[in-house]
Visitor: 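Just dropping this structure here.
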Amino acid sequence: MASPKEGFLTDEQREVLRIAVQNAEVLSSSPKSRTSLLLPELKSKVGCGGKSTAVGGGVRHVRRSHSGKPVRVKKDGAGGKGTWGKLLDTEAASCLDRNDPNYDSGEEPYELVGTTVSDPVDDYKKSVVTIVEEYFSTGDVQLAATDLGDLGSDEYHHFFVKKLISMAMDRHDKEKEMASVLLSSLYADVTSPAQISHGFVMLLESVDDLAVDIPDAVDVLALFIARAVVDDILPPAFLTRAKRTLSESSKGFQVIQIAEKSYLSAPHHAELVEQRWGGTVHITVEEIKKKITDLLREYIESGETAEACRCIRELGVSFFHHEVVKRALVLAMEIQTSEHAILKLLKEAAEECLISYSQMIKGFSRVAESLDDLSLDIPTAKSLFQILVPKAISEGWLDPSFLKSEGAVEDGNNESSEKLRRYKEEAVTIIHEYFLSDDITELIRSLQDLAVPEYNPVFIKKLITLSMERKNREREMASVLLSTLSTEIFSRDDIVNGFIMLLESAEDTALDILDASNELALFLSRAVIDDVLAPLNLEEISNKLTPNCSGSETVHMARSLISARHAGERLLRCWGGGTGWAVEDAKDKIVKLLEEYESGGDVREACQCIRDLGMPFFNHEVVKKTLIMAMEKSDRLLDFLHECFGEGLITINQMTKGFSRVRDGLDDLALDIPNAEEKFQTFVEHAKKYGWLLLSF
C-alpha cells in the first residue's frame, strides 16, 4: 500500500473524507450553514505532509486563524497544505458570484415574505354588508335567509344583527321597517334568540359611536328594541338585564329608558310601534291609495317627472303599482289637459322599470273593467280610454297582448250559477252579523237553514277574505269560528277545498289586500295549530296548486311558521287572541290556577298555565286577581308575581296596569277587605323595591 507521502490516502483518511463529503452535501441546502464542528476533527486526522486533492470551484474564501485574524486563502490552492480546502469551506462570510458559470440561484439565502392572515370575522362582516345591501334593494326575505345560511358561520350571526340595524338606522323608514321584518322572519330559524339579544347588546354598547354619524341614533335604536319586544324576538326582561350592564350616564342606558317609557308603556303601544315606520306590512290599502292620489295631483301641478317617480319608488309597494296606473289613467280622463303629462309619467316609469309590464297591463285591465261605472261620472270615459290604449302601445310601454284581453272581467271562480250568487250574498250577510254579535251558535243555525253543504268551501273563502279586509279582532274571530265549524258541520275536505280556492285566487286578493300572502299563511298555520287541518293537508293543498305560484309560496311560508320555535304560542296570539267569550273563559282559568297555587301548588306550573292562556295582552288581569287574592288570603302570592316578572312572562307595563286597576277599585274592595288600602300600599312598596312598576306609577 502506498504511503501518504506518495500522494495517496490511508484507510482512516478515506473514512474521514467520506464523512466530510456526506456532511457537505447536507449543508449545501443551506448556504449559511457552518462546519466549524467538523474542522477540528479533520485537522487532527489529516497528516501535515500529505497532499490533498483539489476539490471545488474557484470561489474566493476568507478564513480566520485561531487568533481570530483573517487569513487569505489561495484562489485555486484548495486551502493549502494539511487542509481539505474548499469542499468544507462554508463559513458565513462566503458569498456567491452571480457571474460564475456554475452559479445556482437555488444556493441563494432564503428570504421570508410576510403576508396578511385572513380574519374569519372580518370576512363574515364584509359578506354580511353585501347581503344587507341586496336585501334592501330586493326586499326578498327568503333570499337573505338563504345567503346568510350559506355563509356557514352561525356563531357570528350576532354581528349580522348589529350590522343590519346599524345600516338601517342611517336610511329611510322603509329600510328600518324591512330590517325589523327580516329579524322577525329569521328568528329561531336562522338566528337564535341568544344571538339576537347579543346583537342588541353590542348595539347598546356602541350607540355612543353611532350617534356621531346618526344624530337621532338613541331614539331610533330605542324604537328598534321596542319593536323587537312587540314582535316577540326580544323578551321584555332583556331591558332589565341590559340596564344592569350599562352605565347610567351612557347613551345605551338612555336607549333603554326611552324604549320603556316612550314606546312600551304607551296605551296601544303595540300598534303604535308596529306602524311607526309606516311599513308595507301594516299600512292600509286606503292610506296607500291616498298617497298615490296626492303624488299624482302634485305631479300634474309641478310637471316634475323625476320627483313623481321618486315618490312612487319610496312607496315601497311594487306589487301595488297597478293602482298607480289605474288612478293615473282615471285622472287623465277627469282632467283631459293632464293627459300628455300622465302618459309621459307612465312611459318614464316603464322605461326605468319602476312599473313592470305586468303591473302596467293589470292597471289598464282594471280601468277597462270599471269603464261602465266610470261612465257615470265621465261620460266620455270609454272613448277616451280607446284613445289612450293605442298611444301607450305605439310608444312601447304597454304590451300589445293587452288588446286580446281587453274587456275581460276576472271574477274569482267566474261562477254563473244564480244559486251560487244568492248563496254568496247570504254568506256575506251571515258573516257580517257574526262579526257584530260574536254569536257562533246563531251562525251555525243560519248555515244549516241554507242547507247547501256543497258550498261550504265557498263560505270558508268568503269568511277569511272578509276578515282580512278588517282588523285583527275579526281575523281572530274567523279562526275561532273555523275551529268550531270543523267539529260541528264542516268536514276536513270542505276546509281543504276552501283554502285551495283562497290560494288559487291569492294574486287577485292581493290587489286589494296588500299583505294577503302573509295573512293567508297565518290562517293556514293557525288552522294546523288548532287541529282544523293536519300537517299532511298542507302537502295535499300544495300539490293541487300550480308550481311556483303565489299560493305555493304561501303554503311554504305556513310550513316555516309552524316549524319555528314556540310556534304554537306565537300563532295562537298572532292576532292578539281572544274574542269576548275567550276573555271570560280566561278569567275563570286565572282564578283557578291562583287558587291551586295558593293551596300549595308549584310556582313553575302556575307560570306555565299563564303561558298556556296565550293572552299576554291580558296579563294585567293576572296581576289584578293575584293582588286581590293576596289581600284576602296570603302574601305568598307575591312570590308568584315575582317569578312571572323575573321570567319576563309579565311585562312592566302589564304589571303597572294591573296595580293601577286595583288602585282604582280600592273603595269597592274596602267593603269586603277593610284593610285593603293598607295592604295595597305594602304591595306597592314591595313592587317598587323589585322594579316591577314604571316610575310614572
Visitor: Between atom CG of Leu315 and atom NZ of Lys174, what is the distance when rounded to the nearest 0.5 Å?
Guide: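 Leu315 atom CG to Lys174 atom NZ measures 10.0 Å (nearest 0.5 Å).
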Visitor: So do the side chains of Leu485 and Leu443 get within less than 4.5 Å of each other, counting heavy atoms only?
Guide: yes
Visitor: Please determine if Lys243 and Glu248 form a salt bridge, counting it only when a charged side-chain N lies under 4.0 Å from a carboxylate O.
Guide: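 A salt bridge is absent here (no side-chain N lies under 4.0 Å from a carboxylate O).
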Visitor: Using side-chain heavy atoms (C-beta onward) and a distance below 4.5 Å, is Ile562 in contact with Pro535?
Guide: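 A side-chain contact under 4.5 Å is absent here.
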Visitor: So, Asp602 side chain and Glu605 main chain: donor-acceptor pair closer than 3.5 Å or not?
Guide: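 Such a contact is found between Asp602 side chain and Glu605 backbone.
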Visitor: What are the two closest non-hydrogen atoms of Val190 and Gln195, and how far apart are they?
Guide: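 Between these two residues, the closest heavy atoms are O-OE1, 4.3 Å.
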Visitor: Just by distance, do the side chain of Tyr135 and the backbone of Leu164 share a donor-acceptor pair under 3.5 Å?
Guide: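 Looks like no, no N/O pair under 3.5 Å.
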Visitor: Using atom types as modelled and distance alone, determine if a side-chain donor or acceptor of Asp140 lies under 3.5 Å from a backbone N or O of Leu143.
Guide: yes
Visitor: What are the two closest heavy atoms between Ile652 and Trp692, and how far apart are they?
Guide: CG1-O, 3.0 Å
Visitor: Kindly compute the distance separating CE (Met169) from CG (Asp213), expressed to the nearest 0.5 Å.
Guide: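 Here the interatomic distance stands at 10.5 Å.
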Visitor: Please confirm whether the backbone N or O of Ser479 pairs with a side-chain atom of Ser483, one donor and one acceptor, at under 3.5 Å?
Guide: no
Visitor: Between atom OG1 of Thr682 and atom CE of Met631, what is the distance when rounded to the nearest 0.5 Å?
Guide: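 Reported to 0.5 Å precision, the distance equals 9.0 Å.
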Visitor: Please give me the minimum heavy-atom distance between Ile233 and Ser184, naming the atom from each residue.
Guide: CG2-CA, 4.0 Å
Visitor: What side-chain donor-acceptor pairs closer than 3.5 Å can you find for residues 196-208, not counting sequence neighbours?
Guide:
| residue | atom | partner | partner atom | Å |
| --- | --- | --- | --- | --- |
| Ser197 | OG | Pro193 | O | 3.2 |
| Ser206 | OG | Met202 | O | 3.0 |
| Ser206 | OG | Leu203 | O | 3.4 |

Visitor: I'd like to know if Lys592 pairs up with Asp588 as an ion pair, taking the criterion as any Lys NZ or Arg NE/NH1/NH2 lying under 4.0 Å from an Asp or Glu carboxylate oxygen.
Guide: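 Looking at Lys592 and Asp588, the cut-off is not met.
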Visitor: Under a 3.5 Å distance rule, please check whether Gln359 uses its side chain to pair with a backbone N or O of His322 as donor and acceptor.
Guide: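 Yes; judged by distance alone, with no hydrogens or angles, the pair exists.
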Visitor: Is the NE2 atom of His172 crowded by more than 12 outside heavy atoms at less than 6.0 Å?
Guide: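 Check fails, neighbour count at 12 or below.
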Visitor: Heavy atoms only: give me the nearest Ala145-Leu186 pair and the separation to one decimal.
Guide: CB-CD2, 3.5 Å
Visitor: Taking the side chain as C-beta and beyond, is there a heavy-atom pair between Arg611 and Glu647 under 4.5 Å?
Guide: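 Result yes, sub-4.5 Å side-chain heavy-atom pair found.
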Visitor: With no hydrogens and no angle check, is any side-chain donor or acceptor of Glu474 less than 3.5 Å from a backbone partner on Lys471?
Guide: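 The answer is yes, because a donor-acceptor pair under 3.5 Å joins these two groups.
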Visitor: What verdict does the side chain to side chain contact (heavy atoms under 4.5 Å, CB included) test give for Phe523 and Val532, after you've listed the backbone C-alpha separation in whole Å, the side-chain angles of each residue and the deciding distance to 0.1 Å?
Guide: CA-CA 11 Å; Phe523 271 110; Val532 174; over 6 Å; no
Visitor: Quick one: do Lys689 and Glu685 make a salt bridge, cutoff under 4.0 Å?
Guide: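 So Lys689 does not pair with Glu685 through a salt bridge.
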Visitor: Between Thr651 and Leu264, is there a side-chain heavy-atom distance shorter than 4.5 Å?
Guide: no
Visitor: Are Ile541 and Leu524 close enough that some pair of their side-chain heavy atoms sits under 4.5 Å apart?
Guide: yes
Visitor: Hey, does Leu638 have a side-chain heavy atom less than 4.5 Å from the side chain of Leu627?
Guide: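 A side-chain contact exists here, since the closest heavy-atom pair is under 4.5 Å.
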Visitor: May I ask you to decide whether Arg475 forms a salt bridge with Glu519, counting only side-chain N to carboxylate O separations under 4.0 Å?
Guide: yes
Visitor: Checking Arg241 now: which residues fulfil salt bridge (Lys or Arg N to Asp or Glu O under 4.0 Å) with it, not counting sequence neighbours?
Guide: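 Here no residue qualifies.
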Visitor: If only atom types and distance count, is the side chain of Ser525 paired as donor or acceptor with the main-chain N or O of Leu522 below 3.5 Å?
Guide: yes
Visitor: Output the distance between atom CG (Leu693) and atom NZ (Lys657), rounded to the nearest 0.5 Å.
Guide: 15.0 Å
Visitor: Should the ring pair Tyr690 and His642 be called parallel, tilted or perpendicular, given that the plane angle runs from 0 to 90° and is split at 30 and 60?
Guide: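 Rings of Tyr690 and His642: perpendicular, over 60°.
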Visitor: Would you mind reporting whether Leu239 and Ile225 have side-chain heavy atoms less than 4.5 Å apart?
Guide: yes
Visitor: What heavy-atom pair brings Ile256 and Ala242 nearest, and what distance separates the two atoms?
Guide: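 Minimum heavy-atom separation between Ile256 and Ala242: CD1-CB, 4.1 Å.
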Visitor: What do you reckon, is NE2 of His556 surrounded by more than 12 foreign heavy atoms closer than 6.0 Å?
Guide: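 12 or below, so no.
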Visitor: Over all heavy atoms of both residues, which pair between Cys644 and Cys607 is shortest? Give the atoms and the distance, please.
Guide: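 Heavy-atom minimum between the residues: SG-SG, 3.8 Å.
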Visitor: If the condition is ring-ring contact (aromatic ring centres under 6.0 Å, His included), which residues does Tyr597 pass it with, not counting sequence neighbours?
Guide: Phe640
Visitor: Tell me, do Ile165 and Leu183 make a side-chain contact under 4.5 Å, heavy atoms counted?
Guide: yes
Visitor: Would the number of heavy atoms belonging to other residues, nucleotides or ligands and lying under 6.0 Å from NZ of Lys176 be above 12?
Guide: yes
Visitor: Check whether more than 12 heavy atoms from other residues, nucleotides or ligands sit under 6.0 Å from atom NZ of Lys163, and answer yes or no.
Guide: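 No, the 6.0 Å shell around NZ holds no more than 12 heavy atoms from other groups.
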